[in-house]
There are 2 protein chains.
Amino acid sequence: MVPGARPTYAVIAKTAGVSEATVSRVLNGDESVHPERARRVQEAVEKLGYKKNRVASALASGRTGLIAVVIDDDLSVFSDPFWGTVTSGVSRVLQENGLHTVLMVSPVGLLEGGVAHYLKSGEVDGAIFFVLHSDALVNDLKKRGLPLVITGTPHSNADIPFVDTDNFGGAYTATKHLMNQGCKKVGIITGDIGTTAAKQRLDGYLQAYRESGHLPGKGLICEGDYSFESGKRHAQTLLETQPDLDGIFASNDLMAMGAITVLEAAGKSVPGHVRVVGFDDALIAQTSRPALTTIRQDVVALGEAAGSLIIAQLNGEDFEPIILPTQLVIRESA
Amino acid sequence: MVPGARPTYAVIAKTAGVSEATVSRVLNGDESVHPERARRVQEAVEKLGYKKNRVASALASGRTGLIAVVIDDDLSVFSDPFWGTVTSGVSRVLQENGLHTVLMVSPVGLLEGGVAHYLKSGEVDGAIFFVLHSDALVNDLKKRGLPLVITGTPHSNADIPFVDTDNFGGAYTATKHLMNQGCKKVGIITGDIGTTAAKQRLDGYLQAYRESGHLPGKGLICEGDYSFESGKRHAQTLLETQPDLDGIFASNDLMAMGAITVLEAAGKSVPGHVRVVGFDDALIAQTSRPALTTIRQDVVALGEAAGSLIIAQLNGEDFEPIILPTQLVIRESA
DNA sequence: ACTACCCGCGAAACCGCTTTCACGGATCGC
DNA sequence: GCGATCCGTGAAAGCGGTTTCGCGGGTAGT
């Protein structure tokens, strides 16, 4: 908007017969201003339709009121309802604290990439990261003093504030459940193993296997990318290479649904021939047929936890990492 | 970040032996600067790790590089995968043009509400609106010169730039399809009738009914809110009040799935007893059983179209409203 | 009545960029 | 050789707030 298009403090000050500093004091709730002057300022604001310029305020105060929500992936991730849900959890907490969400969905890449440049530009007061493949940027930003939270356990630096779900426990429970139902050959379709969550889910699956007295063959472990298509693709691979396959643990519901789609198209009934368990408990899990047995995580709460940790840092308060529990939801597919 | 924590133009200028204006010219690509001076500036930037302060630049230039994406609803909307998908379309186009997305999910409310205040604060260069219940704020912002786009046909002001899907045509096709399959008593579960999209879908349904020679009873028209739960609730109502019900057109896939859940729980098979059609063609439509017959809209393209219209306005280019087609996707439920 | 202290308020500096306008040197034309 | 014009560059104003520091008036204590 062009200069003069909307009133500034100068105009309000002139109208109210005070200085600009007084206008600033009044509008920022400084109680030391004489009530009569304060009243005149408020009248002028009302009369002239004044709106504070947040950009100028940000420059002067060093605070923008913006928090970046960074998803280290490409935009296709939004086909997974997980992202909308977790983003809504984050947004709710930020909005309640008068903050706004800048959404960045892009490979985080190098320390000199687009996301890195943006986060160092002073336009956001903090950042919340999802799906991190490396702690490098996060470590760099932390050194620069930017408040931040990652969702998922840090790769290397335990100093990084984080929130997570009990990935290991959930995967372990899912695999145990399949084994308890008589499955002998349980495959896994993981997420991107570059992320700690995917690795922890793999570890939970391996631990359950270990406890059964043996380990899965290499061919039972497929690296997906959390997409429906990768679930389909890897289920196809498992069908073709593992004739005795009788169970699949997919690291999210979308891949589980992809797997079920391929299994049933191939004449393998679920759960008759192959039992399937997912992770998330998205709506798709309950409306599919067979309804999906899955590991439920509270995705809204995960987002809210992340939002709460960033707020605590902005307020200079203490905080602890938060790890949310998971629970097995038994439906038809296992 | 505190003053002195990171280098400014003053430091770069001193190191390079030029003025701050020259530093600004070089970093903003002004070719008139002598190459040798430009080289010295770039060296200083590299050596000192300079990052431009976007807040200061925004104040000086009047451009922040931020676009608000405003959803006139509460955060529970994100349980509908539509929102993640359309937001990803918008974000992709904005990111390609060097812009960032500020996500605001909140009832838009009055001209003096939180959303209104924010949008008038100068922190965003434009706004894209979803699910508008009133054009009042949009009209006010347009008068103030804020570039904006709404998704959905404007309530009253044809001057407002908008993108939309062919809601009327899609709903008409859905209802026609049900009737062509022999349905005599077709109910509709609408979205929030305060939005033009929901109203257009209702109108499409009514037009198909009109062409069949009669109109639906009042009891066949239920106002939902696009949520799974409201689909369940209204299907229950239709079952209880319309004994001859043999078809349902739900205005989105979530409500359709909700309806199917209730119908089957009540022993009414789909499509045996009651045929169901949805709208959107989300993944849930293809993975449910019965797989959902639905009206497909290209949600990513809708988001991209909105992004393109805001970019055109920012660049001072001409543009036309964009209305995307729909198509019937026949699966098992009808 | 005088001195010391307190407090509300205003002028102006500052935040860190962008952009304007003026200056001086170089170049070109007569 | 001189005058006119052009262009690269720097000083500083401006964008619109926040905050600091000093001033003057009022009050309290001796």
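Taking the six-membered ring where the residue is Trp, Y50(B) and Y9(B) present tilted rings, their angle falling between 30° and 60°.
Rounded to whole Å, the distance from NZ on K52(A) to P on dT18(D) is 4 Å. The CD atom of E20(A) sits 9 Å away from the P atom of dG17(D) (whole-angstrom rounding). Whole-Å rounding puts the K51(A) NZ to dG16(D) P distance at 16 Å. Put simply, CG on L59(B) is 17 Å from P on dC14(C), counting in whole angstrom units. Atom pair D30(B):CG and dT9(D):P shows a separation of 9 Å (rounding to whole Å applied). Atoms NE2 (H34(B)) and P (dG25(C)) sit 16 Å apart, rounded to a whole Å. The distance between atom NZ of K14(B) and atom C1' of dG10(D), rounded to the nearest whole Å, is 15 Å. To the nearest angstrom, P of dT9(D) lies 12 Å from CD of E31(B).
Checking dT19(C), dT18(D), dC15(D) against every side-chain atom of S24(B), the shortest atom distance belongs to dT19(C). Closest to the A21(A) side chain, of the nucleotides dT20(D), dT18(C), dG16(D), is dT20(D). Here the side chain of A60(A) is nearest to one of dA11(D), dT9(D), dG16(D), namely dG16(D).
Nearest-nucleotide assignment on DNA chain D puts the 5′-proximal partner with S19(B), out of S19(B) and N53(A). Along DNA chain D, the nucleotide nearest S57(A) and the nucleotide nearest S61(B) are compared for position; the residue whose nucleotide lies closer to the 5' end is S61(B).
Listed for the S61(A) side chain is a donor-acceptor partner under 3.5 Å among the backbone atoms of S57(A).
As judged by a 4.0 angstrom heavy-atom cut-off over every strand, V18(A) is placed among residues touching the sugar-phosphate backbone only. Within the nucleic acid shown, S32(A) comes within 4.0 Å of sugar-phosphate atoms alone, with no base atom in reach, counting heavy atoms only. In this structure, V33(B) reaches the sugar-phosphate backbone alone: every heavy-atom distance under 4.0 Å involves primed, P, OP1 or OP2 atoms, never a base. Among the atoms of the strands shown, none is found under 4.0 Å from any heavy atom of V23(A).
Between R37(A) and dC9(C) there is a side-chain N or O to OP1 or OP2 distance below 4.0 Å. Remark: Y50(A) is in phosphate contact with dG17(D), judged by side-chain N or O atoms under 4.0 Å from OP1 or OP2.
For D135(A) and H155(A), the side-chain atoms include no donor-acceptor pair closer than 3.5 Å.
Between V300(A) and S88(A), the shortest heavy-atom contact is CG2-OG, 4.4 Å.
Evaluation of atom-type donor-acceptor distances gives a pair under 3.5 Å for the side chain of R25(B) against the base of dG10(D).
The existence of a salt bridge linking D74(A) and R92(B) is excluded, since no basic side-chain nitrogen approaches an acidic carboxylate oxygen closer than 4.0 Å.
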